[in-house]
Peer 1: 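Below is one structure. I have some questions about it.
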Amino acid sequence: MPFIHVRYSTPVEKDLRQPLAAFLTETTAKVLGKKADLTAVVVEQVPPAHWFIGNQSLTEHRKATFFVEVRVTRGTNVKEEKAAYLREVFRGLESLLGPVHPESYIHVHQPDGDAYGYGGLSQDARWHRTNT
């Protein structure tokens, strides 16, 4: 039940919301082993004049960029899976967005299972329901 929030910007504004959501859902399922049907994705496009790196707008850099935040329950993925996820997401987003600035970020948040859930139940509560 990952929640993914991606913000992106390209030198020429183009609507990539659907392909970005599809790519992130598929990659999160493939690399982190999460259920695609329980993955929620929010995609926001930011005008290049509104995104700054090193005090220069992306309009000046003439590159795309992104910031991806994904939330998964702590302890459900090992270090190697997360490293592979960072690589795959970077490569895939560069493929979709075009040349990206190296200051493009992916952050895997890992809240504890008792502090994260959906449908009114924590992940810990869901685990106990199915395993006891």
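Just so it is clear, the structure is predicted and the values come from calculations on it, not from any experiment.
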Peer 1: Please report the interatomic distance CD(Q56) to CZ(R62), rounded to the nearest 0.5 Å.
Peer 2: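 Here the rounded value is 11.0 Å.
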Peer 1: Checking E81 side chain against V78 main chain: does a donor-acceptor pair fall under 3.5 Å?
Peer 2: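 Indeed, once roles are kept as given, a pair shorter than 3.5 Å links the two residues.
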Peer 1: Is there a path from L86 to I4 through hydrophobic residues (I, L, V, M, F, W, Y) whose side chains come within less than 4.5 Å of each other?
Peer 2: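 As far as the 4.5 Å side-chain criterion goes, I4 and L86 are connected within one cluster.
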Peer 1: Working to the nearest 0.5 angstrom, can you tell me the gap between R74 CZ and Q123 CD?
Peer 2: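 Interatomic distance, R74 CZ to Q123 CD, rounded to 0.5 Å: 14.0 Å.
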Peer 1: Do the non-hydrogen side-chain atoms of E13 and P48 ever get within less than 4.5 Å of each other?
Peer 2: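 A side-chain contact under 4.5 Å exists here.
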Peer 1: If you apply the rule side chain to side chain contact (heavy atoms under 4.5 Å, CB included), what do you find for L121 with R129, and how did you get there?
Peer 2: CA-CA 10 Å; L121 287 175; R129 273 187 170 184; 3.2 Å; yes
Peer 1: Any side-chain to backbone donor/acceptor pair from H61 onto K63? Under 3.5 Å, distance only.
Peer 2: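 No, because the side chain of H61 does not come within donor-acceptor range (under 3.5 Å) of the backbone of K63.
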Peer 1: I'd like to know if the side chain of S122 reaches the main chain of A125, judged simply by a donor and an acceptor atom lying under 3.5 Å from each other, with no hydrogens or angles considered.
Peer 2: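 Side chain of S122 to backbone of A125, a donor-acceptor pair under 3.5 Å: yes, one is there.
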Peer 1: Backbone N or O of Q45 within a donor-acceptor pair of the S9 side chain at under 3.5 Å?
Peer 2: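 No; judged by distance alone, with no hydrogens or angles, the pair does not exist.
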Peer 1: Determine, for Y118 and R126, whether the Lys NZ or Arg CZ falls below 6.0 Å from the six-membered ring centre while staying within 45 degrees of the axis.
Peer 2: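 Yes.
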Peer 1: Within the distance-only criterion (no hydrogens, no angle test), does the side chain of T25 pair as donor or acceptor with the backbone N or O of A21 below 3.5 angstrom?
Peer 2: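 Such a contact is found between T25 side chain and A21 backbone.
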Peer 1: Can you measure from OG1 (T73) to CG (D112) and round to the nearest 0.5 angstrom?
Peer 2: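 The CG atom of D112 is 9.0 Å from OG1 of T73, to the nearest 0.5 Å.
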Peer 1: Does the side chain of K34 reach to within under 4.5 Å of the side chain of N77, using non-hydrogen atoms?
Peer 2: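 In contact.
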Peer 1: Restricting to non-hydrogen atoms, name the atom on V68 and the atom on F66 that form the minimum distance, rounded to 0.1 Å.
Peer 2: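 The pair with the smallest heavy-atom distance is CG2-CD1, 3.8 Å.
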Peer 1: Could you check if a side-chain atom of T39 sits within less than 4.5 angstrom of a side-chain atom of D37, using non-hydrogen atoms only?
Peer 2: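 SC-SC contact between T39 and D37 ruled out.
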Peer 1: Under a 4.0 Å N-O cut-off, is there an ion pair linking R17 with D15?
Peer 2: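 The answer is yes: the pair qualifies as a salt bridge.
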Peer 1: What I'd like to find out is whether the side chain of V89 reaches to under 4.5 Å of the side chain of L24, using heavy atoms alone.
Peer 2: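 Yes. Closest side-chain heavy atoms under 4.5 Å.
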Peer 1: Are the side chains of M1 and K35 in contact, using a 4.5 Å heavy-atom criterion?
Peer 2: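 Side-chain contact under 4.5 Å: no.
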Peer 1: Is there a path of hydrophobic side-chain contacts, each under 4.5 Å between heavy atoms, that joins Y105 and W51?
Peer 2: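 Yes, Y105 and W51 fall within the same hydrophobic cluster.
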Peer 1: Let me know which of V42, V43, V70 forms a side chain to side chain contact (heavy atoms under 4.5 Å, CB included) with H5.
Peer 2: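 Looking at V42, V43, V70, the match for H5 under the side chain to side chain contact (heavy atoms under 4.5 Å, CB included) is V42.
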Peer 1: Could you check if a side-chain atom of S104 sits within less than 4.5 angstrom of a side-chain atom of F67, using non-hydrogen atoms only?
Peer 2: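 Answer no - side chains too far apart.
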Peer 1: Is it the case that the side chain of Y116 and the backbone of R71 share a donor-acceptor pair, with hydrogens and angles ignored and the cut-off at 3.5 Å?
Peer 2: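 Between the backbone of R71 and the side chain of Y116 there is a qualifying donor-acceptor contact (under 3.5 Å).
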Peer 1: Under 3.5 Å, is there a donor-acceptor pair between the Q110 and K82 side chains?
Peer 2: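 Yes.
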Peer 1: According to a hydrophobic-cluster definition based on side-chain heavy atoms being under 4.5 Å apart (Ile, Leu, Val, Met, Phe, Trp, Tyr only), do V46 and L20 belong together?
Peer 2: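 Unlinked, V46 and L20 end up in two clusters.
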Peer 1: Are more than 12 heavy atoms, taken from residues, nucleotides or ligands other than N55, located less than 6.0 Å from that residue's CG atom?
Peer 2: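 No.
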Peer 1: Please step through side-chain hydrogen bond (donor to acceptor under 3.5 Å, both in side chains) for the pair Y85 and T27, ending with a clear verdict.
Peer 2: CA-CA 8 Å; Y85 185 74; T27 303; over 6 Å; no
Peer 1: May I ask you to test the F23-L96 pair for a side-chain heavy-atom distance under 4.5 Å?
Peer 2: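 Touching, per the 4.5 Å side-chain cut-off.
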Peer 1: Quick check for you: to the nearest 0.5 Å, what is the distance between T10 atom OG1 and L58 atom CG?
Peer 2: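 Between atom OG1 of T10 and atom CG of L58 there are 9.0 Å.
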Peer 1: Under a 4.0 Å N-O cut-off, is there an ion pair linking R91 with E94?
Peer 2: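 No.
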Peer 1: When rounded to the nearest 0.5 angstrom, what is the spacing between OH in Y8 and OG1 in T65?
Peer 2: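 Reported value, rounded in 0.5 Å steps: 13.0 Å.
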Peer 1: Same cluster or not: F3 versus V6, using hydrophobic residues (I, L, V, M, F, W, Y) connected whenever any side-chain heavy atoms lie under 4.5 Å apart?
Peer 2: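 Different clusters: F3 never reaches V6 through Ile, Leu, Val, Met, Phe, Trp or Tyr contacts under 4.5 Å.
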Peer 1: So, taking the atom named CD in E88 and the one named CD1 in I106, what distance separates them when rounded to the nearest 0.5 Å?
Peer 2: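 It comes to 10.0 Å.
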